Amino acid sequence: MTKYGRTTIRSFIGSNVLLCVLSVQVAFALAVVAGLHSLSGSTLQPPAGSSLLCSVAGGLIVVAVWSSIRGIRTHYKERDRNRSVSNLMETVSDTSGEWLWAVDAHENFSFSSRASSALLGYEPAELIGRPVSMVIDEDELAVARQAVADILGDTGSDWTGVPILYRHRTGAPVWMEVSGRSRPSRIGVRPCYEGSSRPLSAESAQLLKRRIRERIHSTVQDGMILTAFQPIYELSTGTITGVEALTRFPSDDGRSPDHWFSEAASVGLGGQLEFAALEAALRRTAKLPEHLYVALNLSPDTCLDPKLPALLKQPGLAADRMVLELTERLPVEDYAPLLSALDPLRQRGLRIAVDDAGSGFSSMRHILRLRPDIIKLDRSLVAGLDSNRAQWALGAAMVDFAQETGAQIVAEGIETLAELAAVTQLGMTSGQGYFLGRPSLHPADWEAWKEARIGGVL
C-alpha cells in the first residue's frame, strides 16, 4: 500500500471516530428530550426550548449521516485511485520491459514486479524472500558489487546504467542495464537496495558484445590462457593420484574464470573458449608426473562437438589418464545425445566425473542419468560436515550410493583438519581442497607431487 493510500485511510478513520463521538452525544441529547416529553402527562412540564433542542438534534443526525456517507464515498474513490495508479505503474513497467525490484540487507529480494516473469522466467512470488544469487551467479554478483561501489564512492547513493549478466531460469545468460539506489537498513548491517533492470538497448548490447568478443579472441590468439593443477589425494593411502586442470585468465579486474566462460557463452563463443582452455591444459600435462590422472572441465554442450574426440587423442596423455569433469552451467534438456557422444570416449578408457554433487536436485539427476565413474561432492556439503548431523547423513548416503553404483567419491573444498577427518571416517575415496593443496601454475610443484603424502600437510 502506498504512503498516499495509508494517509487517506488514517484520515478516513479519524473523521469517522469524530462522527461516532458526535452521534453518541446526539443520541444522549435525544434520550434526555424523550424522557422529558414522557413526563408531559405529569405535573412536570418539559423545559422551554425542548422543541428547538429536538430540531437541533435531528439536524445533527442528518449532518452526521451525510458526513459518514460522504467519507465512505471518498475512501472508496481514493482506494480505486490508488489501485489504478498501482496497476498503471505495473503496466508501464511491463510494457517498457523494465523490472522493478528491491533487495534487503541480506541480499534477499523483498519486492519484484511482474516483469521478472518475461525477463528471467521467475514469477515475483518465486523471487521474494530468495537470495539475489538465484538470478545472478556469485562471480557476476561480485563484479556487480564492485561496479556499483566504484560509482557510489564514499557518499553516493544512486547509480545508473551498470551492465550486469543475469541468469534466466533456463540457465541462459541475459544482459541487463541496472539502475538503483541504496538506502539505510533497519538492522544496520548492510544497506538495502531498490532499483530497476531492463534489457540493454540494441546499440549498447552490440557494443558490449563486440568488446567481449575482442577480449576473448585476443586472449585465445595470443596464447594467454594458463592452466593451474590442483592435487587430488587418495584418502586411504594419503598419496596424490590425480589433479584437476583449472583454467586461469589474465585479468586485472578480479574477473573469475567462471565469469569469462559466462561472458563467452553470452556472445556465442563458449565452445571456442572451452576448446582453447582444453588445448592449453593438454599441452601442460606433459610436465605432470606420469602416474596422475587429469580431470578436464567441459560443459555438456562442448561434449557434443564432433571435434572433441580428435582433440582428446593426445600422444602425451593416455586415455585412461583422462577424466572429463562435466560442468553444469546450463541444464541438460536431452541426455540421449550426450550419452551417445560420451559412450565412444568411455570405450577408449576415458572416465566421466560429475561436479557439484549434493548442491541440488539437478546435480543428482545428472548423476542418475550419466552414471559417472567419479562423483565430486560440492564444497557446500563438505563445509562443516564434521559438526552438522544432516550433512553427515547426506554424506553417508552419497558414500552408500557410490558403493552401490561402483563410483568413486572426491570430496571437494576440504579446508580444515576436522573436515578431512570427517570425509575419511565416512569412507570417501578421495579428497581435494586448500587444506590438502592449492592450485599451482609451477612445474616444480607438480614434480614434488610424486612423493607427496597427506601427512606432509598436517
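Residues: numbered from 1 along the sequence shown. For clarity, every value in this text was computed on a predicted model and none was experimentally measured.
- Nearest heavy atoms, L311 versus L278: CD2-CD2, 3.4 Å.
- In terms of modelled atom types and a separation under 3.5 Å, the side chain of D373 and the main chain of I352 share a donor-acceptor contact.
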Please step through side-chain contact (heavy atoms from CB on, under 4.5 Å) for the pair Q408 and T241, ending with a clear verdict. CA-CA 13 Å; Q408 298 179 353; T241 56; over 6 Å; no

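- Salt bridge status for E140 with R167: absent, with no side-chain N to carboxylate O gap under 4.0 Å.
- The backbone N or O of H291 sits nowhere less than 3.5 Å from a side-chain atom of R321 that would complete a donor-acceptor pair.
- Checked against salt bridge (Lys or Arg N to Asp or Glu O under 4.0 Å), E194 has the following partners two or more places apart in sequence or in another chain: R181, R183.
- Nearest heavy-atom pair across A383 and E419 is CA-OE2, 3.4 Å.
- Closest approach of L119 and H168 over heavy atoms only: O-CD2, 3.3 Å.
- No more than 12 heavy atoms of other residues, nucleotides or ligands shown are found within 6.0 angstrom of CZ on R211.
- In this structure, R145 places its CZ atom where more than 12 heavy-atom neighbours from other residues, nucleotides or ligands lie under 6.0 Å away.
- Note that CD1 of I414 and CE of M428 are 8.5 Å apart. Values are rounded to the nearest 0.5 Å.
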Assess whether side-chain contact (heavy atoms from CB on, under 4.5 Å) is satisfied between L292 and F229, documenting all intermediate values. CA-CA 11 Å; L292 301 181; F229 294 108; over 6 Å; no

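- The structure places CD1 of I136 at 9.0 Å from CD of E107, a figure rounded to the nearest 0.5 Å.
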Residue pair K313, R348: steps toward the side-chain contact (heavy atoms from CB on, under 4.5 Å) verdict: CA-CA 10 Å; K313 289 183 178 179; R348 285 167 43 185; 3.3 Å; yes

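- In this structure, R351 is positioned above the aromatic face of Y293, its NZ or CZ under 6.0 Å from the six-membered ring centre and within 45° of the axis.
- Taking a cutoff of 4.0 Å between a charged side-chain nitrogen and a carboxylate oxygen, R198 and E177 qualify as a salt bridge.
- Shortest non-hydrogen contact noted between G121 and E126 is O-OE1, 4.3 Å.
- Closest of all the heavy-atom pairs between A341 and C303 is CB-O, 3.6 Å.
- Aromatic pair Y122/W101: centroids not less than 6.0 angstrom apart.
- The backbone N or O of R215 sits nowhere less than 3.5 Å from a side-chain atom of S218 that would complete a donor-acceptor pair.
- Applying the salt bridge (Lys or Arg N to Asp or Glu O under 4.0 Å) criterion to R371, with sequence neighbours excluded, gives no partner residue.
- Across all non-hydrogen atoms, the minimal contact from I151 to T160 is CD1-O, 4.5 Å.
- Residues N297 and E274 bring no donor and acceptor atom of their side chains to less than 3.5 Å of each other.
- Counting only heavy atoms from C-beta outward, the side chains of D258 and D137 never approach each other to under 4.5 Å.
- Heavy atoms of other residues, nucleotides or ligands lying less than 6.0 angstrom from CD of E290 number 12 at most.
- At a threshold of 4.5 Å between non-hydrogen side-chain atoms, the residues L326 and V332 do not count as touching.
- With S266 contributing its side chain and E263 its backbone, the two residues share a donor-acceptor pair below 3.5 Å.
- The main-chain N or O of E123 is never found under 3.5 Å from a side-chain atom of S117 such that the two would form a donor-acceptor pair.
- For S380 and D378, the side-chain atoms include at least one donor-acceptor pair closer than 3.5 Å.
- By the 6.0 Å contact criterion, CE on M224 is open, its count of non-hydrogen atoms from other residues, nucleotides or ligands being 12 or less.
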Evaluate side-chain contact (heavy atoms from CB on, under 4.5 Å) for W99 paired with L120, printing each intermediate quantity in order. CA-CA 10 Å; W99 170 39; L120 296 172; 3.6 Å; yes

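- Expressed to the nearest 0.5 Å, how far CG of L339 lies from CZ of R346 amounts to 8.0 Å.
- Heavy atoms of other residues, nucleotides or ligands lying less than 6.0 angstrom from CD of Q347 number more than 12.
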Decide side-chain hydrogen bond (donor to acceptor under 3.5 Å, both in side chains) for S299 and D301; before the verdict, give the C-alpha distance in whole Å, the side-chain angles of both, and the deciding distance to 0.1 Å. CA-CA 5 Å; S299 68; D301 281 347; 5.4 Å; no

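- Checked against a 6.0 Å centroid threshold, the rings of F435 and Y233 do not count as neighbours.
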